[in-house]
Structure formats: C-alpha cells, structure tokens
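For reference, the structure discussed in these notes is given below.
Side chains included, hydrogens not; waters and symmetry mates left out as well; all remaining heavy atoms used.
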Amino acid sequence: MTNNKAYDVSFEKAGVIFRGVVSCINKRIIIDYIDVKPGVNTVYFDHIQPDECVPFNTAAIEFSPQNKDSFPWVKTLHIGSAVKCINISNQMFPNVKSVVSDNALFETRDMLVEHNRLLNSFYKRNDDILDMKGIKSIWPNALNGCMTKRVINTNDLDFIYEKSFCGYEPLIDPKTGTKLFGDVIVELNDKTEILEFPDDRYDIRILNCFNCHDFNKSVKIHNLQTLKNLIDNNCLMPNRLTIDLKNDNTEAKHDSLKLMETLKSDYVSGMFSEIEILNSSYFKSEDGIIYTADGEILLYCPKQRQGEVTIKDGTRVIAENAFKGCKKIESVALPDTIESIHKCSFMDCHALKSISLNEGIKTIGASCFALCRSLNEIKIPSSVSIIPAWCFRGCPLESITLNEGVAGINNNAFNIAECDLTIPESLMYVNEGNFSCLKSITLKKNRFPAGLLFQILATTSEDERKTKISYKNDVFYIPHIHCETFKGLRDQAEAIELQPVDVIKNKIYIFLNNITSKINRVKIGLEIYEMTNDVNIECILKANSESFLVDQIRNKQEEAVIRLVKTGIVQPNVLKMALKMTEDDNMTTASAYILNALKDQPDKANFDI
C-alpha cells in the first residue's frame with residue numbers, strides 16, 4: 001500500500017505486464033507502467049479485478065503509462081468495454097496496424113480514435129494512407145513519428161490543437177509554402193503576402209487553427225467552386241479576397257449572379273474589407289469594391305470596409321443593399337455621375353457621418369439611409385423630386401437642406417429631425433411620420449405644403465415646446481400641447497394649411513383663445529408673446545391675466561407671477577389685486593415687481609430687480 005488513498009496493483013495478461021494504482025476516491029485502476037514480452041503481437045487493454053488486498057470492486061481502468069519503452073513487435077491493440085481512457089505515445093507501439101474495440105468510446109480501425117478524436121496514428125510509413133474519415137479533431141502528439149503525407153477524407157476535420165502536428169511534417173505546397181494536411185491548410189507561410197489556391201484544388205480550405213488566428217493575408221482563388229467550399233466549410237477567412245477567373249471555363253452569367261448572392265449572404269457579408277475580381281466577363285473591382293464590368297453600377301462593398309470610401313467616377317447607379325451593414329464606414333464621396341441610389345443602399349451604416357449627394361441624382365430608394373446613427377447633416381439636391389419612405393429613418397439629423405426642386409416627402413422619411421428647416425417653394429406635400437422634433441420652419445412661399453401643419457400639430461407633448469414659423473418678416477409659433485383644443489386644430493389642418501400664412505396664424509390664435517383652461521391659455525400665450533410681442537397674443541393675456549395671477553399666487557408660483565408682470569401688459573386694477581395677495585402671502589420679490597409695474601403704468605415694464 002502506497003498511502004491511505006491508493007493501492008498498488010500489478011498483473012500480467014497474455015504476455016503483458018501492467019502496474020499501477022487503485023484510487024480509493026473513484027475506485028478506478030490507473031495503469032502507469034506497461035511491459036510487453038518480445039513476440040507478443042497483441043496487447044489487451046481490459047479491466048481486471050485486483051487481488052484481495054483491495055477491499056472493494058473497481059469499476060473502470062485507465063491506461064496512462066509513463067515509461068518510454070518501445071514495443072515495435074506489437075501489431076494489434078484490443079480494447080475492452082471497461083476502459084475509460086488510453087493515453088499512450090506513438091513511440092510505445094510504433095507499428096500497430098489495427099485497433100479492435102469492444103468499447104463504445106473507441107473505434108475499430110487502423111488508428112486509435114476516441115469520440116471522433118484521433119489519439120494515435122502510430123508510425124505510418126511514406127506509402128501508407130492516413131484515412132481521416134469521421135475524425136473531427138487531432139489530439140496533441142497524435143501524429144508524432146507519422147511519415148505519410150497521403151492524407152484523405154479530411155472533410156470532417158474542424159479543430160486541431162497547438163501540438164497536434166508535433167513530430168509530424170505536413171505536405172508543403174511548393175508555390176505558396178503553405179502546409180497542407182489533406183485538403184486542409186493547417187499552417188500559413190508568414191513570408192507569403194498572398195495565399196493562392198491552385199486552380200485544380202476546389203476542395204482546399206483553411207482550418208481555424210493555432211497559427212491561422214487573425215492572419216493578415218490575402219487569399220486568391222481561381223474559381224467559384226473554391227469560394228463555395230471555403231464558405232460551406234465555415235473556414236477562417238482573411239480580410240482581403242481576390243477572385244481571378246481567368247482559367248474558369250465554367251463561368252456563366254448564372255454563376256456570376258450566384259457569386260454576388262454568395263458575397264452578400266449573411267454569413268459572408270461580414271468577412272471581408274476588400275474584394276478584388278480579375279478577368280471576369282461580368283464584374284470588375286476598384287479599391288476593393290465590386291462593380292459591373294462596364295463600371296456603371298456599384299454592386300457591393302465588403303462589410304468590413306472602414307473609414308473613407310470614394311466611389312469611382314463614371315458610376316451611375318448604387319445597387320440595392322450595396323453598402324448595407326457597413327458599420328465601420330465614416331464617409332462616402334460620390335462622383336457627379338451618380339444618377340440613382342437604390343433602396344437600402346446605405347442602411348445600417350452606423351458610423352457614417354458624411355455623404356454629399358450630388359446634383360444630378362434623380363432617384364433615392366426607400367430606407368436608403370435608414371439607421372445611419374451618426375449621420376447628422378444632409379443636403380437634398382434639386383434634382384431629387386421625391387424623398388421616399390423611411391429614407392432617413394433613425395438618423396439624428398441636426399441639419400437638413402431641401403433645395404428647390406424637392407416636391408414631396410413620403411412617410412417617415414425624416415421621423416426624427418431636431419433642427420431648423422427651410423421649406424422650398426417647390427415642396428408640395430409632407431406625408432405622415434415626419435419632422436417630429438423641428439425647432440423652426442422658414443417658408444419660402446406664402447403657404448404650408450400639404451401635410452406639414454398636421455405633422456407639427458400631431459407632435460403633442462406635456463411640456464411647453466413649440467415650433468417657430470417664419471415667412472419673410474412674419475413670425476409666429478405653433479405650440480405643442482396635449483389638449484383637446486389643439487387636437488381640433490389638427491383635425492382642420494388639411495383644410496387650412498394651403499391657405500396664406502396670415503390665415504393660418506389667425507386660426508391658431510382663435511384656437512389658443514378657445515383653450516378651456518385660462519391658466520394653460522396664459523402659459524402658452526406667454527411663451528409666444530415673450531418672443532414676438534404679438535398684439536393678438538397680448539389681447540389673450542390681458543383678458544386672462546387676473547385668473548392666472550390668482551391661481552399662481554395661491555399655488556406659490558412666484559416666478560410665474562413675476563414673468564407675467566414683467567410683460568407690462570397687466571391692467572392696474574389687476575396689479576393692485578395681485579399686490580395685496582402677494583403681500584399677504586409674503587411674496588416679497590413678486591410684490592416689488594408689481595409695485596414697479598404700477599409706478600411705470602401706462603408704459604410697459606422692461607426691467608430687472
């Protein structure tokens with residue numbers, strides 16, 4: 001007995017001596033020494049019950065011999081059902097030709113394989129075939145001493161460890177210096193800038209292995225089938241891809257369209273930052289971006305592209321989804337030749353801050369710039385007549401320029417736009433879901449475009465936010481307030497918005513004066529009057545000032561009292577009534593303002609204490 005936790009064991013079976021210990025913890029035999037007598041060609045790895053010195057039954061056995069002896073005369077390993085683990089070196093049994101297994105964990109074949117994992121290849125000779133069928137991973141040192149490079153059926157192999165090829169030299173491609181294990185690239189040549197796949201190796205692929213992580217290489221392929229195999233096998237891919245189709249006799253228009261579908265697929269779209277296409281009848285590339293062969297249509301920009309992008313001169317059309325999801329692009333320079341930008345072309349370009357739309361662009365597609373979350377400025381050229389639905393949805397625009405020529409804005413094109421906006425004379429309509437946060441509107445023509453007034457009034461809120469409206473020297477404000485009166489005005493918006501500005505302004509005053517609550521009437525009117533000194537608003541304030549002051553004094557709202565008194569429009573009799581109330585309530589500051597206002601009557605007060 002070695003200690004109170006383990007018992008020494010030693011036994012011989014069929015000419016093989018096994019020594020080890022029995023663990024009291026898991027009641028398992030652990031063999032750490034094996035000696036095979038000369039002439040014994042089969043070693044049985046199986047369970048045996050230790051002698052009576054072990055006071056319990058053992059359930060399983062592990063073989064992890066530490067001795068470095070070699071038994072080249074052994075040709076067969078036989079594994080029994082109770083074996084849980086075999087950890088041996090190729091050196092111990094270099095000439096094993098077969099493994100026979102009665103154990104569900106291990107396979108019967110010419111190598112030691114456990115659960116689709118290659119444990120030992122043994123010393124296969126140069127003319128032997130290493131058949132990897134069904135094997136998904138290679139255990140460290142599993143190939144140590146193996147000499148054959150005739151490797152087949154590596155389709156299932158998807159993982160290798162750092163020391164999987166320790167003591168084994170894979171096949172080296174003479175052209176690229178790349179190390180190959182069957183049809184799998186397992187090690188790249190650091191001195192090669194371009195990893196080129198041979199024309200006749202459609203099935204070759206890059207394994208996501210220890211020295212291929214984040215490699216900064218370019219891959220060059222010569223046919224579409226190679227690209228398909230790389231993608232289908234979920235292979236590690238570089239950021240730069242070159243497709244040279246000069247020797248691809250199978251290329252046809254159908255195959256080319258399939259290529260574009262493949263490059264735009266969800267899996268592939270995030271792989272590359274640059275793609276170069278050479279010798280294609282249908283495509284060309286410039287600066288890593290794909291165009292039609294004539295260079296007139298930009299088809300696709302790789303999703304890993306970042307920073308600034310300059311689209312080549314002569315491009316007329318940007319295709320649907322061409323830049324969609326390019327989350328690292330910050331600016332795009334368009335040539336003057338661009339005529340059309342199709343739908344969703346720049347959708348989800350989260351880092352896009354700058355793009356200049358040139359005069360000459362005739363059409364912009366729906367959702368073209370949707371969810372460009374860094375885009376805060378846009379200028380719409382006069383050549384664009386209609387801004388389509390959802391075009392700038394989700395863009396936090398702080399500056400919008402609509403040039404003369406823009407005639408219509410469709411649903412939700414500018415669903416958030418906290419900015420000042422000038423309306424060109426050409427703009428005829430604004431559909432729903434637009435301009436929910438405008439600060440001000442400057443009209444070039446003496447009318448509202450159809451739908452614009454409704455959109456402003458549809459943005460109701462509980463705060464005192466309002467939109468400034470300007471036409472020449474005429475300025476007025478449309479309050480955003482959640483009340484039934486202004487809902488009524490919104491319902492009438494379609495009927496009045498094509499009327500001259502002064503008609504609309506007077507209509508707003510009428511609705512303001514009809515607000516049921518006199519307190520709200522003064523609060524809203526005071527906001528507008530402080531900026532405009534409008535005589536119509538002044539009449540509303542005078543008519544309701546007594547009710548307002550009484551309410552605010554009773555509710556201890558001294559600042560609101562002072563704010564109205566400072567306008568100088570409160571009548572003397574109302575001021576005297578308010579003075580008595582503020583003195584009774586010890587509102588000394590408000591009382592001082594009221595006294596000064598009474599002293600300055602009939603002039604308007606314009607002072608600060």
Closer than 3.5 angstrom, by distance alone: can the side chain of Asn415 be matched with the main-chain N or O of Asn412 as a donor-acceptor pair? no
Calculate, to the nearest 0.5 Å, the distance between atoms OH and CD1 belonging to Tyr291 and Ile277 respectively. 12.5 Å
Any side-chain heavy-atom pair from Thr422 and Thr401 closer than 4.5 angstrom? no
Can you tell me if NZ on Lys327 sees more than 12 non-hydrogen neighbours from other groups inside 6.0 Å? yes
Rounded to the nearest 0.5 Å, the OG1 atom of Thr315 sits from the CG atom of Asp313 at a distance of 7.5 Å
Atom pair CG (Leu352) and CZ (Arg373), whose distance is rounded to the nearest 0.5 Å: 13.0 Å
Distance-minimising heavy-atom pair for Cys326 and Cys301: SG-O, 3.7 Å
Counting only N and O atoms by type, is there a donor-acceptor contact under 3.5 Å from the side chain of Thr292 to the main-chain atoms of Ile297? yes
Report yes if the side chains of Ser331 and Ile355 come closer than 4.5 Å at any heavy-atom pair, otherwise no. no
Would you find more than 12 non-hydrogen atoms of other residues, nucleotides or ligands less than 6.0 Å from Lys505 atom NZ? yes
Which heavy-atom pair separates Cys368 from Ile341 by the least distance, and what is that distance? SG-CG2, 3.2 Å
Take Ile380 and Asn403, measure what side chain to side chain contact (heavy atoms under 4.5 Å, CB included) needs, and give me the verdict at the end. CA-CA 6 Å; Ile380 308 298; Asn403 285 307; 5.8 Å; no
Asp294/Arg316 ion pair, N-O < 4.0 Å: no
Check the pair Phe414 / Leu421 against side chain to side chain contact (heavy atoms under 4.5 Å, CB included), numbers first and verdict last. CA-CA 12 Å; Phe414 298 99; Leu421 182 67; over 6 Å; no
Under a plain distance cut-off of 3.5 Å, with no hydrogens placed, do Glu359 and Ser382 share a side-chain donor-acceptor pair? yes
Heavy-atom neighbours of Met531 CE exceed 12 at 6.0 Å: yes
Whether Ser345 side chain and Ala319 backbone form a donor-acceptor pair below 3.5 Å: yes
Arg521 vs Asn513 side-chain heavy atoms within contact, under 4.5 Å: yes
Side-chain donor/acceptor of Thr337 to backbone N/O of Gly314, under 3.5 Å: yes
Could you walk me through whether Tyr471 and Asn446 satisfy the side chain to side chain contact (heavy atoms under 4.5 Å, CB included) test, starting with their C-alpha distance in whole Å, then the side-chain angles of each, then the deciding distance to 0.1 Å, before giving a yes or no? CA-CA 7 Å; Tyr471 172 66; Asn446 190 16; 3.4 Å; yes
Test side chain to side chain contact (heavy atoms under 4.5 Å, CB included) on Ile387 and Ile364; report intermediate values, then the result. CA-CA 7 Å; Ile387 301 174; Ile364 299 176; over 6 Å; no
Any sub-3.5 Å donor-acceptor pair from Ser547's side-chain atoms to Asn544's backbone N or O? no
Quick check against the 3.5 Å criterion: does Ser517 have a side-chain atom that pairs as donor or acceptor with the backbone of Asn520? yes
Between Pro396 and Cys372 the two heavy atoms that sit nearest each other are CD-O, 3.8 Å
Non-hydrogen atoms of Met587 and Gln552 that approach each other most closely: CE-O, 4.5 Å
Taking the side chain as every heavy atom from C-beta outward, state whether Phe435 and Ile400 have any atom pair closer than 4.5 Å. yes
Using every non-hydrogen atom in the two residues, find where Asp348 and Lys324 come nearest and quote the distance to one decimal. OD2-CE, 4.4 Å
Check whether any side-chain heavy atom of Glu583 lies under 4.5 Å from a side-chain heavy atom of Ile594, and answer yes or no. no
Dump the intermediate steps for salt bridge (charged side-chain N to carboxylate O under 4.0 Å, His left out) on Glu527 and Lys523, then the final yes or no. CA-CA 6 Å; Glu527 286 278 340; Lys523 282 184 177 180; over 6 Å; no
When you compare the side chain of Asn410 with that of Tyr429, does any pair of heavy atoms fall below 4.5 Å? yes
Audit row: Lys444, Glu425, salt bridge (charged side-chain N to carboxylate O under 4.0 Å, His left out) steps and yes/no: CA-CA 5 Å; Lys444 290 289 189 70; Glu425 293 186 21; over 6 Å; no
Heavy-atom donor-acceptor pair, Gln455 side chain to Gly433 backbone, under 3.5 Å: yes
With distance as the sole test, does Ser383 use its side chain to make a donor-acceptor pair with the main-chain N or O of Gly360 at under 3.5 Å? yes
Could you give the distance from CD1 (Ile423) to CD (Glu404), rounded to the nearest 0.5 Å? 10.5 Å
Whether Asn358 side chain and Asp336 backbone form a donor-acceptor pair below 3.5 Å: yes
Which distance, rounded to the nearest 0.5 Å, do you find between the CG of Leu357 and the CD1 of Ile378? 4.5 Å
Pair Glu530 + Arg563: basic N to acidic O under 4.0 Å: yes
Do Asn573 and Met577 have side chains that approach each other closer than 4.5 Å (heavy atoms only, starting at C-beta)? no
Heavy atoms only: give me the nearest Pro335-Lys312 pair and the separation to one decimal. CG-O, 3.4 Å
Can a donor-acceptor pair be found between the side chains of Ser470 and Thr442 at a distance below 3.5 Å? no
So, Ser591 versus Thr582: side-chain donor-acceptor pair below 3.5 Å or not? yes
Apply salt bridge (charged side-chain N to carboxylate O under 4.0 Å, His left out) to the pair Arg305 and Asp287, showing each step before the final yes or no. CA-CA 10 Å; Arg305 190 62 180 266; Asp287 192 26; 2.6 Å; yes
Does Leu371 reach the side chain of Arg393, with side-chain heavy atoms less than 4.5 Å apart? yes
Would you give the length of the straight line joining atom OG1 of Thr588 to atom CG of Asn586, rounded to the nearest 0.5 angstrom? 7.5 Å
Examine distances only and state if a side-chain atom of Ser426 and a backbone atom of Val406 form a donor-acceptor pair shorter than 3.5 Å. yes
